[in-house]
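What follows is a set of notes on a single structure, which appears directly below.
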Amino acid sequence: MSCFRTRGLKRLVTLKRVHPHSTQDLDEISNGFDRDAHPKLNPNVAERAGQIAALYKSTSWRVTRPLRDVGRIWRKIRDVRVVVARLLQHVPLSVLAKSVLRVLRNEGLRGLKARVRQQHYLATQALAIDAPDTFDGAELVGPLPSAEVARSLEIDYSVSVPFSFAEIPSFKCGKVAAIIHLYYEDLASEFRSYLSNVPVDLDVYISTTDAFKATAIECAFAGWNKGSVEVRVVPNRGRDIAPKLVSFSDVYGRYDYVLHMHGKRSDHANVLSPWRHFLLESLLGTPQVVTSVLYAFEQNPNLGMIAAQHFEPMRHWMIWGGQFPDCTKTRGKWGSR
């Protein structure tokens, strides 16, 4: 789910929802906003920077550094033990030793570390979302999988919302629409509740897969007083992407900002059940959150898209995989490099 400017995408920012009374500000968006244009934020940013600097210079931080170093080393040893235990379930120790030596000879220590990280993930995180263990005995020395699209958590900064305004600003906002794909029509009331947090007029466009679902959705949105509601029946193909890009291609030119939403359900794994709620809370959780999103667009003309931070259980599954060649071919058809 995301909100974007219809007339150009120059910069992407991710959001993370925090408690309304949090003191977190716009520290993480320094590359996207001109801080001189936000004088009310500068004292808070300076105070926070001073607190962090004082922490790093404190005696307790310096004294406990050896403990932190030992902890990091221990975690690495533990991770290697997990990987070795998994591999020994599939291959004899002699074969594993030969594979390690081959990787060291061909790719060096860096290549071996990359493969250990890959194996550690397969042995731990993949199990959390019921991913099958497809080890075939050769993956330790075979080609590494495509690089992740998502940045690692340690460097994947995002902006906290809602912004901690001293007072809610007044600003001019362009025309806004929401484009939603709802395969599960029973989610319509939930989406209407979140959309009611948008503090400006909002036209709603919803796609679904048959006439019965369309009728149920229209009933759920009956009496919507922020704008128009249009429900379209589309083929059950292309998940939510085809309806957004194809079925509603005639909509985008009428609006300045468009919110993309998807009635996502992941019943096959309990760990994924909060995914939809996480995305909705990040973008539409309160009127203050939505005001922060619209304010960010209005203040920064170079900002093209705002999306929720990655849902953590899915971070390592955001990879190109076998789709990269097709995406490259499509990009060429668009004239993009």
Side-chain angles (χ1 to χ4, degrees), residues 1-4 6 15 17 129-130 161 175-287 289-290 293-294 305-314 317-318 323:
M1 301 185 190
S2 61
C3 184
F4 66 93
T6 58
L15 302 179
R17 171 79 188 281
I129 60 173
D130 298 336
V161 289
K175 295 185 64 178
V176 184
I179 295 180
I180 311 167
H181 182 64
L182 286 181
Y183 180 84
Y184 303 103
E185 74 281 3
D186 56 309
L187 297 178
S189 296
E190 175 184 324
F191 276 71
R192 173 172 177 160
S193 176
Y194 275 102
L195 290 172
S196 66
N197 288 329
V198 177
V200 298
D201 291 342
L202 178 71
D203 293 337
V204 179
Y205 297 87
I206 303 174
S207 58
T208 191
T209 56
D210 62 50
F212 174 82
K213 294 178 182 179
T215 301
I217 293 169
E218 288 171 347
C219 290
F221 275 84
W224 177 255
N225 60 5
K226 290 179 177 288
S228 62
V229 176
E230 181 179 342
V231 182
R232 300 183 184 180
V233 176
V234 302
N236 186 21
R237 182 180 179 186
R239 297 180 181 265
D240 62 310
I241 303 302
K244 290 172 183 174
L245 297 183
V246 179
S247 302
F248 291 115
S249 60
D250 59 311
V251 170
Y252 297 96
R254 309 177 206 166
Y255 298 91
D256 298 290
Y257 306 108
V258 172
L259 171 66
H260 272 173
M261 305 172 71
H262 179 201
K264 184 182 294 292
R265 240 182 206 161
S266 303
D267 296 331
H268 61 285
N270 290 336
V271 72
L272 299 182
S273 58
W275 193 358
R276 182 181 72 255
H277 184 260
F278 169 83
L279 298 174
L280 290 169
E281 284 291 316
S282 296
L283 289 172
L284 296 167
T286 66
V289 167
V290 184
V293 171
L294 295 174
M305 179 181 292
I306 294 177
Q309 176 58 283
H310 301 304
F311 184 56
E312 197 54 38
M314 291 299 299
W317 291 95
M318 297 186 65
Q323 303 175 66

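Note that these values count all heavy atoms, side chains included, but never hydrogens, waters or copies made by symmetry.
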> How far does CG of Leu187 sit from OG of Ser193, to the nearest 0.5 angstrom?
Replying inline: 12.5 Å

>> Using every non-hydrogen atom in the two residues, find where Tyr252 and Leu245 come nearest and quote the distance to one decimal.
In response: OH-N, 4.3 Å

>> Please check: side-chain N/O of Thr208 versus main-chain N/O of Leu182, any donor-acceptor pairing under 3.5 Å?
In response: yes

> Should the pair Phe311 and Trp275 be assigned to parallel (<30°), tilted (30 to 60°) or perpendicular (>60°) ring geometry?
Replying inline: parallel

In residues 226-241, what donor-acceptor pairs under 3.5 Å come from side-chain atoms, sequence neighbours left out?
from: Lys226; atom 1: NZ; to: Val198; atom 2: O; distance (Å): 2.8
from: Ser228; atom 1: OG; to: Asp203; atom 2: OD1; distance (Å): 3.3
from: Glu230; atom 1: OE2; to: Arg232; atom 2: NE; distance (Å): 2.7
from: Glu230; atom 1: OE2; to: Arg232; atom 2: NH2; distance (Å): 3.1
from: Arg232; atom 1: NH1; to: Ser247; atom 2: O; distance (Å): 2.5
from: Arg232; atom 1: NH1; to: Asp250; atom 2: OD1; distance (Å): 3.1
from: Arg232; atom 1: NH2; to: Asp250; atom 2: OD2; distance (Å): 3.1
from: Asp240; atom 1: OD2; to: Lys244; atom 2: NZ; distance (Å): 2.7

>> Can you pull out every salt bridge (Lys or Arg N to Asp or Glu O under 4.0 Å) where at least one residue sits in residues 179-188? Sequence neighbours excluded, please.
In response: Asp186-Arg265

> Between Val289 and Leu283, which heavy-atom pair has the shortest distance, and what is it?
Replying inline: CG1-O, 3.6 Å

> Does the side chain of Ile180 come within less than 4.5 Å of Leu195's, by heavy atoms?
Replying inline: yes

> Is the NZ or CZ atom of Lys213 positioned over Tyr183's six-membered ring, under 6.0 angstrom from the centre and within 45° of the axis?
Replying inline: yes

> Between CZ of Phe278 and NE2 of His310, what distance do you get to the nearest 0.5 Å?
Replying inline: 9.5 Å

> How far does CD of Glu190 sit from CG of Leu280, to the nearest 0.5 angstrom?
Replying inline: 6.0 Å

> Ala220: what forms a side-chain contact (heavy atoms from CB on, under 4.5 Å) with it, not counting sequence neighbours?
Replying inline: Ala188, Ser189

> Going by heavy atoms in the side chains, are Leu202 and Val200 under 4.5 Å from each other?
Replying inline: no

> So do Ile206 and Phe191 actually touch side chain to side chain, heavy atoms under 4.5 Å?
Replying inline: no

>> Under the rule for side-chain hydrogen bond (donor to acceptor under 3.5 Å, both in side chains), what residues qualify as partners of Arg192, not counting sequence neighbours?
In response: none

> Can you name the nearest heavy-atom pair linking Trp224 to Ser196, along with the distance?
Replying inline: CH2-N, 4.0 Å

> How would you list, by chain and number, every residue that makes a side-chain hydrogen bond (donor to acceptor under 3.5 Å, both in side chains) with Ser207, sequence neighbours excluded?
Replying inline: His181

> If you look at every heavy atom in Gly263 and Tyr184, which pair is closest and at what distance?
Replying inline: O-CD1, 3.5 Å

> Are any non-hydrogen side-chain atoms of His262 and Arg276 less than 4.5 angstrom apart?
Replying inline: no

> Does the side chain to side chain contact (heavy atoms under 4.5 Å, CB included) test come out yes or no for Val161 and Thr286, once each step is laid out?
Replying inline: CA-CA 10 Å; Val161 289; Thr286 66; over 6 Å; no

>> Taking ring pair (Phe, Tyr, Trp, His ring centres under 6.0 Å) as the definition, give me every residue that meets it alongside Tyr194, ordered by chain and number, with sequence neighbours left out.
In response: none

> Got Tyr257 and Lys175 here, is their nearest side-chain heavy-atom distance under 4.5 Å?
Replying inline: no

